[in-house]
S.K.: 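For reference, the structure I am asking about is given below.
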Amino acid sequence: MGADQKYTLTDSETSTAVQGPVGRLPPTPRQHLSSVGTRATLRIQHRLLTAAREYLCNEGFVELLQPIIGPVTDPGTRGSKQVDIDYYGHRYKLMTSGILYKQGALLGFEKIFYIGLNVRLEPPHTVSTSRHLAEFHQIDIEIAGASRAEAMRVASGVVSHAVLRVVEELPEELAGLGRDLAALSGGVAEDFDEISHHEAIELLRKLDRPHSAESEIDWECEELLSRTAQRPFFIVDYPRGCRGFYDRESRTEDGVLRNFDLIAPEGYGELASGSEREFEYRRLIERMRETGENPAKYSWYLEIARGGIPPSAGCGIGVERLTRYVAGLQEIWQASAFPKIPGVPSP
Amino acid sequence: MSSLQAPGLPEEDIRARARTGAAAAFPPVAGYGHTLYGPPTGSGGYKDPLQELRIVPPALMPRRLEKLVALGREPLHTDVALGVSIGGFASPLPIFLPAFGSSQAVGPDLATSLASQAGRLGIPMVIGENVVPVHGYGHSDASGQRSLLRRLEAYVESMDEDAGGIVVQQSTEDADAEVWNLLYSEAVTAPLLAGGRLAFELKIGQGAKPGLGGMTVLDGDGAQRLEGQYAIDELSTVGPPRHLRYSSPGTVTAEILGHQIRQMRNNYPLCRIWVKLPPTRDVEEAATVAWDAGADAVTVDGAEGGTGWAPRAFLEQVGLPLAECLRRIGEHPASLCVTGGMWEGTRALKCLALGATAIGLGRAALIAVDEDAEQGLCRLVECLELELRLLISALGKYAPDELDPEDLWLPSAAAAWPGQMTGFGVA
């Protein structure tokens, strides 16, 4: 059963659900919060989070608390805006991701994670993707000295463990939401496949959806690829130019990033992004320039980098996206108690 | 002052420096706000090659015959089709409105008047990197008529249904204010995005001061507001305090430029990407990097380009003439927009014949709206359009892309190579 096939709104919900220009928007907060579907979804989310913590703590990770404001944050891509706040007369930002702090935190610990809140004012048209929220949470993981393969192993470990815990412990909630348990548990029964960005572009060409080999895979194509899969899979080796400056470029293949996305099957799309990181001062400066960033903004981070930060790899797993996939929800906002929808004034 | 003299040296200039120090590197600050600076004519032995070129029609016109056959009557200048695609935007004329060095020089109403007339004409309009830091973005600040959003609104409100588009620059320092990200989610730009009529322009430099970033003269309050974000210098040693805001020109290499363009294409898939280059010695290489990375348009501002403010040394002695930029670039795969001293038909035609896709009206557009706020730009363009039609048809051609260097004659080149019909063929 896929993302487009169902969503169990109650009658009262459907009566007030708004048909937006491109997708369904939430009912009133009261209806949303008191619906059986939301309660089941948030219970599943709760178990996903505790399971992720179990897995990571067993692997020796230390949970740290992510700062929510800073002079600079992840510059982001694809037109998402940052939120400025006045910090005693200085312009500060709300976190769009904890990446800079994660790298910094490796000065103290080898394996860390945050379950952090992030705010990205995504362009309003992303409401059509069913998987963008302006406020969302990430299980944000970073491992000193790790390769991409190690980060991918941990990402798949967290997802598989969390999915299995929910399948075992919350079958009623899943059944109530109409989730296909066999598809869900079957999805995480084996190792996740891995294809390169280049192979993904080839696959899209065969599916009659030609796509630029130089750019990020667009939302529709990502969904299409997701729909063709039976279990989560990785796309690796994105081209330089479609990710932030911190995704490390291959030292043997020009223009290829040592990064990955984890894509859910059944049309649910991206669950996580990760990479090996750039960590050398000069490389960071050069990559910042390529992304149009002003290095002067990043002074605290660059100062740390100049003194040396460990090479690392890590990833961020979207909590609401993982919830959407596991609970089988049509829209990402269904995975949040108080969803902030791009372009829509929300509670 | 003593009676000491130094024949052969510009004594007055030296004495001025001795009196005012670094301020003498710039034009008199008193002229700021109502002077549109550009290269002084005839200075430093500089001769504009575009001025030297003559337009030379042939007597035998096979293309006119083709037009005659197509029309079934003798073609006239009114049959010239001037519509072109400029950097991904349809435009009824090979003309666009480039970013202005300093819109301080026009009153607040004139900034929106320009935008409104450009929208009416259906020609693309570029909004400069200096607008947000100096005049504000336009949401919650009291930035008034010259802010970015007011200009956008003025353009969109009068916009031609099928033609035109808006191009917005962002300086390296503005990246902090995320001008492009803000616009990408803005209600005002939604119709532009939906119609593929919004572009972002990466400004690498400008004609009047290649190698330097933007410069704006500010009063004491303005300087205080921007302190910390920009480099600010005290400018005047006499009169009220005036300050100079420098924006960084940004560091580019071929690799950085290419990747920055690819990143822009990736981040703003609904936008066109333009790149503005100064008249540098490697203009051909830089333009090629930009086009190869997928830029929809490259704008080259020749050394004749105007500016709000620049050191005199740069106005007088730095940068390639536009004609030489065009010669170096030669054949190209996407739009090439050029600026620098444009206002009438012959200069525009020469640029089109040398490979430009469109020409930009900079200082001339400002003077036109200063003359008549409501209609000045439209009338200036009307006159230019007529001249272009007359000139192109006189060459026996009926579209700008039919023009080529054979339509031009360079006297000095002909003298150097007797018998060569055109001295300005692309090498």
S.K.: Select one option (side chain, backbone, both, neither) describing which atoms of A/Arg287 are under 4.5 Å from chain B's heavy atoms.
M.R.: neither
S.K.: Taking the side chain as everything from C-beta on, heavy atoms only, tell me whether B/Leu182 gets closer than 4.5 Å to A/Lys81.
M.R.: yes
S.K.: Quick one: NE2 on A/His125 to CG on B/Leu270, what's the gap to the nearest 0.5 Å?
M.R.: 5.0 Å
S.K.: Can you tell me how far CZ of A/Arg78 sits from OH of B/Tyr268, rounded to the nearest 0.5 angstrom?
M.R.: 13.0 Å
S.K.: Roughly how far, to the nearest 0.5 Å, is the CG atom of B/Leu257 from the CZ atom of A/Arg289?
M.R.: 10.0 Å
S.K.: Going by heavy atoms in the side chains, are B/Glu255 and A/Arg240 under 4.5 Å from each other?
M.R.: yes
S.K.: Checking heavy atoms, do the side chain of A/Glu214, its backbone, both or neither come under 4.5 Å from chain B?
M.R.: side chain
S.K.: Does atom CZ (A/Arg282) have a neighbourhood of more than 12 heavy atoms from anything else shown, all under 6.0 Å?
M.R.: no
S.K.: More than 12 non-hydrogen atoms from neighbouring residues, nucleotides or ligands closer than 6.0 Å to NE2 on A/His198, yes or no?
M.R.: no
S.K.: Any salt bridge linking B/Arg262 with A/Glu290? Criterion: basic side-chain nitrogen under 4.0 Å from a carboxylate oxygen.
M.R.: no
S.K.: In Å, rounded to the nearest 0.5 Å, how long is the span from CZ of A/Phe245 to CD of B/Gln263?
M.R.: 10.5 Å
S.K.: Is the side chain of B/Asn266 donor-acceptor paired with the backbone N or O of A/Ser215 at a distance under 3.5 Å, no angle test?
M.R.: no
S.K.: Hey, what do you get for CG (B/Asn181) to CD (A/Glu122), rounding to the nearest 0.5 Å?
M.R.: 10.0 Å
S.K.: Step through the shown structure and confirm whether more than 12 heavy atoms of other residues, nucleotides or ligands are within 6.0 Å of CD on B/Glu285.
M.R.: no
S.K.: Of all the heavy-atom pairs spanning B/Ser185 and A/Pro123, show the shortest one and how long it is.
M.R.: OG-CA, 3.2 Å
S.K.: Give the intermediate values and the outcome of side-chain contact (heavy atoms from CB on, under 4.5 Å) for residues B/His259 and A/Thr291.
M.R.: CA-CA 7 Å; B/His259 281 292; A/Thr291 54; over 6 Å; no
S.K.: Quick check on A/Ser80 against chain B: is it the side chain, the backbone, both or neither that has a heavy atom closer than 4.5 Å?
M.R.: backbone
